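Worksheet: one structure, shown below.
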Amino acid sequence: MAEQELVDKIQAMVGREYGRVYAWDRVNAPMIRQWCEIMGIENPLYTDPAFARAQGHADVVAPPGMLQVWGMGGLDQENFPEGSSKENNFEVLKVIEPYGYPAVVAVNSDLHFDRPVIAGERLYFSSKLDSISEEKTTPLGTGFFVTVLMTYFSQGENGAADEEVGRQLFRVFKFRPAQRPEAAKPADRKAEAPKVKRP
């Protein structure tokens, strides 16, 4: 069972909010095209500006599943544009780890969309530590499910207000791996030379 000291520490962090993280690039057609190619998506709304405009959009639309992509840091996961928060929205994992929970695995990601995101927009997100479960035991091991809520915004321009465009609930499991039974070792046997009968 988890130490009460740990439970008190992490539950006190629930609801903590974290600052803005800005996208490196505006939503743009080349990245959308590459995403569609990789995912095998053929939809002119995402790749044909004329078609997108005929549907009432200012430019091509980003596939909804790309929402998280715009706010990623790149190969160095902590590499974000100037002005971005330096806080780690999963800092609670570092609080849990010293108590004997070294492993972590992503569990699920739930996306919610308020409206389409259009090429040319610049996005950012802010975060909140949404929930931490009580200690749970799974086939992987024993630990805590940690859920962070990220809310994405489009930056307003020319005096316009920022607008919320979507949300993402991202959940991980921080755990102590289950003890796996060791495979039975065959009894040590001394190699014996085969006996050959002479005629």
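None of the values given here were measured: they were computed from a predicted structure.
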Considering only heavy atoms from C-beta outward, does the side chain of [X] approach that of [Y] to under 4.5 Å?
X    : Y    : result
F51  : L45  : yes
V172 : V105 : no
Y46  : M66  : no
V107 : F145 : yes
F170 : T147 : no
Q11  : I132 : yes
E91  : Y18  : yes
T142 : E135 : yes

For [X] and [Y], work out which heavy atoms get closest and say how close.
X    : Y    : value
Y152 : Q68  : OH-CA, 3.5 Å
K136 : F173 : O-CZ, 4.0 Å
A58  : R53  : O-NE, 3.2 Å
F113 : G65  : CZ-N, 4.3 Å
F80  : G71  : CE2-O, 3.3 Å
K174 : P102 : NZ-O, 3.4 Å

- Message: Applying side chain to side chain contact (heavy atoms under 4.5 Å, CB included) to K94 and N88, what does each step give before you reach the verdict?
- Response: CA-CA 10 Å; K94 295 179 180 178; N88 182 345; 4.0 Å; yes
- Task: Under the salt bridge (charged side-chain N to carboxylate O under 4.0 Å, His left out) rule, collect the residues that match up with R167, sequence neighbours excluded.
- Result: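 With neighbours one apart ignored, the set is D114, E164.
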- Criterion side chain to side chain contact (heavy atoms under 4.5 Å, CB included) on V95 and M13, from CA distance to verdict: CA-CA 10 Å; V95 175; M13 296 177 71; 4.0 Å; yes
- Do any N or O atoms from the side chain of R176 and from the backbone of G100 form a donor-acceptor pair under 3.5 angstrom?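 Present.
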- Short question: side chain of D162, backbone of G156 - any donor-acceptor pair under 3.5 Å?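 Yes; judged by distance alone, with no hydrogens or angles, the pair exists.
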When rounded to the nearest 0.5 angstrom, what is the spacing between [atom1] in [X] and [atom2] in [Y]?
X    : Y    : atom1 : atom2 : result
F175 : L140 : CZ    : CG    : 5.0 Å
T151 : Q168 : OG1   : CD    : 10.0 Å
F153 : L123 : CZ    : CG    : 11.0 Å

- Task: May I ask you to check whether over 12 heavy atoms, not counting those of E42, lie within 6.0 Å of atom CD?
- Result: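 Check fails, neighbour count at 12 or below.
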- Query: Can we say E121 and R115 salt-bridge, meaning some charged N sits less than 4.0 Å from an Asp/Glu carboxylate O?
  - Reply: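 Salt bridge flag = yes for R115 with E121.
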- Task: In sequence, state the C-alpha distance, the side-chain angles, and the governing distance for E17 and S127, and then conclude on side-chain hydrogen bond (donor to acceptor under 3.5 Å, both in side chains).
- Result: CA-CA 6 Å; E17 297 184 353; S127 306; over 6 Å; no
- Partner of F144 by side chain to side chain contact (heavy atoms under 4.5 Å, CB included), out of V92, L93, I10: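 Filter result, single survivor: I10.
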Please tabulate, for side-chain N and O atoms in residues 20-33, each donor-acceptor pair with protein atoms closer than 3.5 Å (sequence neighbours left out).
| unit_1 | atom_1 | unit_2 | atom_2 | d |
| --- | --- | --- | --- | --- |
| R20 | NH1 | Y22 | OH | 3.2 |
| R20 | NH2 | Y124 | OH | 3.3 |
| W24 | NE1 | N79 | O | 3.0 |
| R26 | NH1 | G120 | O | 2.8 |
| R26 | NH1 | E157 | OE2 | 2.7 |
| R26 | NH2 | E157 | OE2 | 3.0 |
| N28 | OD1 | M31 | N | 3.0 |
| N28 | ND2 | R26 | O | 2.8 |
| R33 | NH1 | E37 | OE2 | 3.2 |

- Message: D48 vs V60, test: side chain to side chain contact (heavy atoms under 4.5 Å, CB included). Steps then yes/no.
- Response: CA-CA 6 Å; D48 185 340; V60 292; 5.7 Å; no
